[in-house]
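Report on one structure; see the data block that follows.
Everything numeric here is computed off the predicted structure, so don't read it as measured data.
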Amino acid sequence: MRVFRLPAVWRGMLWVALSGLVFTLLNTIVRNITLSLDPFQSQFLRYLFGVVAMLPLLWRQGLNAYRPVNLRGQFWRGAVHTAGLMLWFTALPHIGLADMTAIGFTGPIFIMIGAAWFLGEDMRADRWVAATIGFAGVLVVVAPKLTGQGGWYSLVMLASAPVFSASFLMTKTLTRYEKPGVIVLWQAISVTVLSLPLGLMNWSSPTAWQWLGFVTAGVLGSLGHYCLTRGFRVADISATQSLRFLDLIWASLMGWLVFSDVPSQTTLLGALVILASTVWIARREHRR
């Protein structure tokens with residue numbers, strides 16, 4: 001109950017931090033699947049099972065609880081997110097984890113610029129400082145590991161960052177009049193529908209383990225987007241972006257636990273820098 005009594009910006013930051021942990025688990029599962037299954041089929045099935053994961057809630061609460069105020073806005077947002085996913089899934093099997101992490105962390109910069117231009121959020125200097133310090137921490141970790149072996153796929157992955165940023169900005173706009181659960185459900189529905197044609201082009205039968213992976217990914221994906229939407233609903237989107245850099249810590253921890261990858265000295269140093277920037281901006285936001 002103490003969590004719910006925290007200031008809104010702190011609650012928003014906690015929701016975003018939790019979403020990063022969930023998405024790290026999701027990305028680990030999905031990347032493993034795409035190494036042996038068509039990326040677009042993986043994209044379709046991941047979001048199809050996202051819809052399936054929400055059916056119990058839909059059954060319990062009824063259709064009216066998930067009826068959107070702006071159906072067109074939901075599908076526009078879904079179309080933009082689908083475009084980003086097409087780029088991301090295309091590059092996913094060909095990009096090393098370090099390169100993918102480095103490229104993905106350009107997203108918060110695009111989001112903060114978009115929040116200032118299109119949402120009119122107050123872009124205070126301390127938010128920019130926190131984002132810059134956090135990004136510097138990421139570079140400390142990934143710079144020694146960058147190989148450039150991804151070739152043009154690195155550019156494809158980079159192109160997905162501003163597209164995803166546009167999707168998240170649209171999500172922030174939708175939270176002004178839509179419930180988080182409604183946004184998550186209709187994103188899953190719209191992306192599933194729009195991904196179906198590409199998913200059928202090179203269809204192959206998934207193995208039993210891959211089906212289990214998609215079921216798990218569907219649950220994690222819906223949960224992650226719900227946490228992210230809750231965070232955007234209660235706080236400025238620009239205030240939460242420094243928390244995105246915590247994803248690197250989750251990814252390093254997962255690598256150690258699952259693959260026995262011992263974090264390097266640069267990983268530990270970068271993690272300390274990221275934590276310092278996160279704690280600093282959280283304290284600054286709390287004082288307001």
Side-chain angles (χ1 to χ4, degrees), residues 15-16 18-34 37-86 88-89 92 164 167-168 170-234:
W15 279 115
V16 171
L18 180 58
S19 75
L21 176 59
V22 174
F23 282 132
T24 298
L25 298 173
L26 168 66
N27 291 341
T28 302
I29 295 171
V30 173
R31 189 177 189 278
N32 183 62
I33 293 175
T34 57
L37 200 67
D38 180 71
F40 293 140
Q41 181 183 349
S42 300
Q43 175 181 320
F44 165 71
L45 289 174
R46 174 257 178 274
Y47 276 88
L48 174 63
F49 280 98
V51 177
V52 173
M54 295 196 69
L55 288 180
L57 295 176
L58 190 63
W59 177 266
R60 180 181 178 182
Q61 300 176 11
L63 289 173
N64 287 332
Y66 290 90
R67 192 183 303 276
V69 175
N70 183 359
L71 181 59
R72 179 179 296 181
Q74 297 287 351
F75 269 91
W76 270 113
R77 192 259 167 152
V80 172
H81 203 76
T82 300
L85 287 168
M86 289 171 61
W88 192 80
F89 270 91
L92 183 61
F164 280 135
S167 172
F168 293 140
M170 294 172 75
T171 300
K172 173 62 177 179
T173 302
L174 289 172
T175 60
R176 295 171 178 173
Y177 50 84
E178 300 278 20
K179 297 178 182 178
V182 173
I183 296 173
V184 173
L185 174 63
W186 283 95
Q187 173 186 289
I189 292 173
S190 58
V191 173
T192 299
V193 171
L194 295 171
S195 301
L196 178 58
L198 288 174
L200 293 176
M201 289 178 61
N202 296 298
W203 186 271
S204 59
S205 298
T207 65
W209 282 109
Q210 288 172 337
W211 282 119
L212 179 60
F214 282 123
V215 172
T216 306
V219 174
L220 291 175
S222 295
L223 177 61
H225 281 292
Y226 177 80
C227 294
L228 196 64
T229 305
R230 284 292 298 268
F232 291 168
R233 186 180 179 90
V234 299

With Ser195, the side-chain contact (heavy atoms from CB on, under 4.5 Å) member among Leu85, Leu200, Thr82: Thr82
Minimum heavy-atom distance Thr229-Pro180, with the two atoms named: CG2-CA, 3.6 Å
Flag side-chain contact, heavy atom, 4.5 Å: Leu92 against Pro39: no
Under 3.5 Å donor-acceptor, Thr192 side chain and Leu48 backbone: yes
Least distance between heavy atoms, Pro206 atom then Leu45 atom: CG-CD1, 4.0 Å
Taking every non-hydrogen atom, the tightest pair across Leu26 and Gly221: CD2-CA, 3.9 Å
Asp38 CG to Leu198 CG distance, which is reported to the nearest 0.5 Å: 9.0 Å
Verdict with reasoning, Asn27 to Trp88, per side-chain contact (heavy atoms from CB on, under 4.5 Å): CA-CA 11 Å; Asn27 291 341; Trp88 192 80; 3.5 Å; yes
Geometric class of the Phe214/Trp211 ring pair [parallel <30°, tilted 30-60°, perpendicular >60°]: perpendicular
The single option from Phe23, Trp186, Phe232 passing ring pair (Phe, Tyr, Trp, His ring centres under 6.0 Å) against His225: Phe23
From Arg230 atom CZ to Ile183 atom CD1, the distance as rounded to the nearest 0.5 Å: 11.5 Å
pair Val182-Gln74: side-chain heavy atoms closer than 4.5 Å: yes
For the student: nearest non-hydrogen atoms of Cys227 and Ser19, plus distance: CB-CB, 3.8 Å
Inter-residue atom distance Thr171.OG1 - Phe164.CZ, 0.5 Å rounding: 11.5 Å
Ser167 side-chain N/O to Val80 backbone N/O, donor-acceptor pair under 3.5 Å: no
Euclidean distance, Arg233 CZ relative to Lys172 NZ, rounded to 0.5 Å: 9.5 Å
Side chain to side chain, Ile29 and Leu25, heavy atoms closer than 4.5 Å: no
Donor-acceptor under 3.5 Å (Ser190 side chain, Gln187 main chain): yes
Under 3.5 Å, which donor-acceptor pairs do the side chains of residues 50-65 form with other protein atoms, sequence neighbours left out?
unit_1 : atom_1 : unit_2 : atom_2 : d
Gln61  : OE1    : Tyr66  : OH     : 3.1
Asn64  : OD1    : Arg67  : NE     : 3.4
Asn64  : OD1    : Arg67  : NH2    : 2.8

Under 3.5 Å donor-acceptor, Arg77 side chain and Met170 backbone: no
Contact summary for Ser204 and Leu37, nearest pair of heavy atoms: OG-CD1, 3.2 Å
Side chains of Phe89 and Thr34 in contact at under 4.5 Å (non-hydrogen atoms): yes
Heavy-atom pair of closest approach, residues Glu178 and Val69: OE2-N, 2.8 Å
